[in-house]
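Side chains included, hydrogens not; waters and symmetry mates left out as well; all remaining heavy atoms used. In what follows, chains are A, B, ... by sequence order, proteins preceding strands, each numbered from 1.
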Protein chains: 2
Amino acid sequence: MSATRQPVSEEPEPDPRKPEARESGTRGRTRRAILGAAASVLARDRAATLADIAEAAQVGRSTLHRYFPDRQELLNATVVDSFHVVEQSVAAAAIDQGPPLEAMRRLITAMVDVGDRLAFLFGDPRVLEEFSACFEPDLSVPTAISLIERGQAEGVFDPQVSAEWIQQMLYAVTYTGWEAAAKGLLPRHGVASTVIRTFENGVTAQG
Amino acid sequence: MSATRQPVSEEPEPDPRKPEARESGTRGRTRRAILGAAASVLARDRAATLADIAEAAQVGRSTLHRYFPDRQELLNATVVDSFHVVEQSVAAAAIDQGPPLEAMRRLITAMVDVGDRLAFLFGDPRVLEEFSACFEPDLSVPTAISLIERGQAEGVFDPQVSAEWIQQMLYAVTYTGWEAAAKGLLPRHGVASTVIRTFENGVTAQG
DNA sequence: TGTTTTTGGGACATTGATGTCTCACAATGA
DNA sequence: TCATTGTGAGACATCAATGTCCCAAAAACA
């Protein structure tokens, strides 16, 4: 969850890696607009054109290239940015505190809130593969494994299946809820509760 | 489920539409190899190259073009073929007979068996959109809605959520199971039972 | 206001996927 | 065996996405 902030291996190369530091307010805003549009568009179509993304960001294609020289750079930056957004949302859920079931409910709510970022990051395994192939995976994938295992130990979560499977289901159900909301099948405000309900009890009538 | 076999609107154009009829055994075999490879490859990467597909089918790229003049033709044919495969598998489950819960279990088992075809058809909504935009949607999407509604009426499935949502979950859980098996997270033989278990009861310990 | 920064659009060259065609070889079937 | 059918490899032309530049206009800033 928490990014390793230890200055263990500071950029081996002295290249100017820190464009997201403090740029003139305008540049920062443009940069964020592009990254947001990229995550949103690519979440729905991973083969989207740079022109598509530029249009969604309400920015000229040349401006996009000015910020991100090539497609891969944009991809990488979008991965990093999306990680930060997700990380922040998940951190606020404090999943290592309180009863597992309640922690999980907070986590799901947090995940639904950043649904498009999750869809971008995990909708296509290739995205993450390419990224972590280029860089050290200094971004720890947000993991709910410890929470799940804690819940299993306390007899709250099904101990008959692996924690990894439950985590897969967590992503799957959350993603499905986000998708259903995107296509109007679920009302925005009811997504989290429906996802929680189904995730916990499945589809059979409780009785 | 069952394709409308009524000769309502027979091909308005008299073009030679029926290549899959009876071709010399060899051609049929090659054709099926290409369609199978296309579904399998495209399920994992919808941006896959025709060269990729030809390679997976162990066929030259020119042979592929000989069978399917352009990419869209291949896409359409693969959709039709995958529908037939899924349809056949689902039909064998006889989901309109017997107790809903057992029917659903048969359905899930059938779906897991044709996981890659489902992943191809439903992994990217665009695939089906483009297809049904070109042709009359004379292919009825395999629907479990009636089964789900029957189950809800009998008090077996959760009546608090919509049948559409439950169907979305059905696809999502099945797909996740197929994916988990593909990456070795679940043993092949345990996929169906795990999917059924989670689909029915969610992830909480039953008690 | 004037100056600097940022932007959008257009004009390229480049690249990779696609689609077409030809030809020699292999497989099938009589 | 021979004739037909089906195939793979390669040479092309085409096309769309990409990446690079430049320049005038708009926006931000002092």
Side-chain angles (χ1 to χ4, degrees), chain A residues 15-16 18-38 40-79 124 126-127 130-131 134, chain B residues 15-16 18-79 120 124 126-127 130-131 134:
Chain A
D15 63 5
K18 270 178 193 175
E20 57 271 53
R22 266 308 146 261
E23 304 174 295
S24 86
T26 302
R27 284 192 72 86
R29 225 168 309 141
T30 302
R31 182 188 169 84
R32 279 191 298 276
I34 293 176
L35 290 175
S40 176
V41 170
L42 291 173
R44 290 165 179 79
D45 178 12
R46 77 183 169 211
T49 288
L50 293 185
D52 294 336
I53 298 173
E55 185 184 359
Q58 293 183 301
V59 155
R61 193 168 69 90
S62 37
T63 299
L64 192 156
H65 271 109
R66 197 170 288 126
Y67 281 77
F68 306 97
D70 58 36
R71 188 186 177 90
Q72 194 55 50
E73 289 253 8
L74 174 60
L75 263 291
N76 292 339
T78 307
V79 168
D124 177 12
R126 225 168 308 276
V127 173
E130 285 173 0
F131 178 84
C134 285
Chain B
D15 64 4
K18 272 179 192 175
E20 57 271 53
R22 267 307 147 261
E23 303 174 296
S24 86
T26 302
R27 283 192 71 85
R29 226 170 309 139
T30 302
R31 182 188 170 85
R32 279 191 298 277
I34 293 176
L35 289 175
S40 176
V41 170
L42 291 173
R44 290 164 179 80
D45 177 13
R46 76 184 169 210
T49 287
L50 293 184
D52 294 336
I53 298 173
E55 185 184 359
Q58 293 181 303
V59 155
R61 192 168 69 90
S62 36
T63 298
L64 192 156
H65 271 109
R66 197 170 288 127
Y67 281 77
F68 306 98
D70 58 38
R71 188 185 177 91
Q72 194 55 49
E73 289 253 8
L74 174 61
L75 262 292
N76 292 338
T78 307
V79 168
F120 163 68
D124 178 12
R126 227 167 309 274
V127 173
E130 285 172 2
F131 178 84
C134 286

Trainee: Please tell me which of the listed nucleotides, C:dT6, D:dT7, C:dG8, lies nearest to the side chain of B:Tyr67?
Mentor: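 When the side chain of B:Tyr67 is considered, D:dT7 is the closest of C:dT6, D:dT7, C:dG8.
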Trainee: If every non-hydrogen atom of B:Glu73 is compared with every non-hydrogen atom of B:Phe68, which pair is closest and at what distance?
Mentor: O-CD2, 4.3 Å
Trainee: Does the protein touch nucleotides 16-21 of chain D at the base, only the backbone, or not at all? Give it as B, S and - per nucleotide, heavy atoms under 4.0 Å.
Mentor: -SBBBB
Trainee: Within this structure, what is the OG-CZ distance for the pair A:Ser40 and A:Arg44, rounded to the nearest 0.5 Å?
Mentor: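 Going from the OG atom of A:Ser40 to the CZ atom of A:Arg44 covers 4.0 Å.
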Trainee: Nearest whole angstrom, please: distance from the P of C:dT5 to the CZ of A:Arg66.
Mentor: 14 Å
Trainee: Can you check the B:Arg29 CZ to C:dT28 P distance for me, whole Å?
Mentor: 7 Å
Trainee: So is B:Arg27 actually on top of B:Tyr67's ring, under 6.0 Å and inside 45° of the axis?
Mentor: yes
Trainee: Give, for atom CZ of A:Arg71 and atom CG of A:Leu64, the distance between the pair rounded to the nearest 0.5 Å.
Mentor: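 The CG atom of A:Leu64 is 10.0 Å from CZ of A:Arg71, to the nearest 0.5 Å.
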Trainee: Taking atom P of C:dG8 as reference, at what distance in whole Å does atom CD of A:Glu55 sit?
Mentor: 13 Å
Trainee: Can you find a side chain N or O atom of B:Thr26 that sits less than 4.0 Å from OP1 or OP2 on C:dT28?
Mentor: no
Trainee: Hey, which of B:Val41, B:Asp124, B:Leu75 is the one that makes side-chain contact (heavy atoms from CB on, under 4.5 Å) with B:Arg46?
Mentor: B:Asp124
Trainee: Between A:Arg31 (CZ) and C:dT6 (C1'), how many Å, whole number?
Mentor: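 Distance, rounded to whole Å: 16 Å.
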Trainee: Which heavy atom of A:Ala33 sits nearest to which heavy atom of A:Ala57, and what is that distance?
Mentor: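 Residues A:Ala33 and A:Ala57, closest heavy atoms: O-CB, 3.8 Å.
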Trainee: If you check every side-chain atom of A:Val59, which of C:dG8, C:dT6, C:dT28 has the closest atom?
Mentor: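 For A:Val59, the side-chain atoms sit closest to C:dG8.
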Trainee: Through what angle, rounded to 10 degrees, does the axis of the helix from C:dT1-D:dA30 to C:dA30-D:dT1 turn between its ends, using five pairs per end?
Mentor: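 Comparing the axis at each end, I get an angle of 40°.
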Trainee: To the nearest 0.5 Å, tell me how far B:Phe120 CZ sits from B:Leu35 CG.
Mentor: 9.5 Å
Trainee: For the NE2 atom of B:His65 and the CG atom of B:Leu50, what is their distance to the nearest 0.5 Å?
Mentor: 5.0 Å
Trainee: Do A:Thr78 side-chain atoms and A:Leu74 backbone N/O form a donor-acceptor pair below 3.5 Å?
Mentor: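 Here the side-chain-to-backbone pair exists.
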Trainee: In whole Å, what is the span from the CZ atom of B:Arg27 to the C1' atom of D:dT7?
Mentor: 11 Å
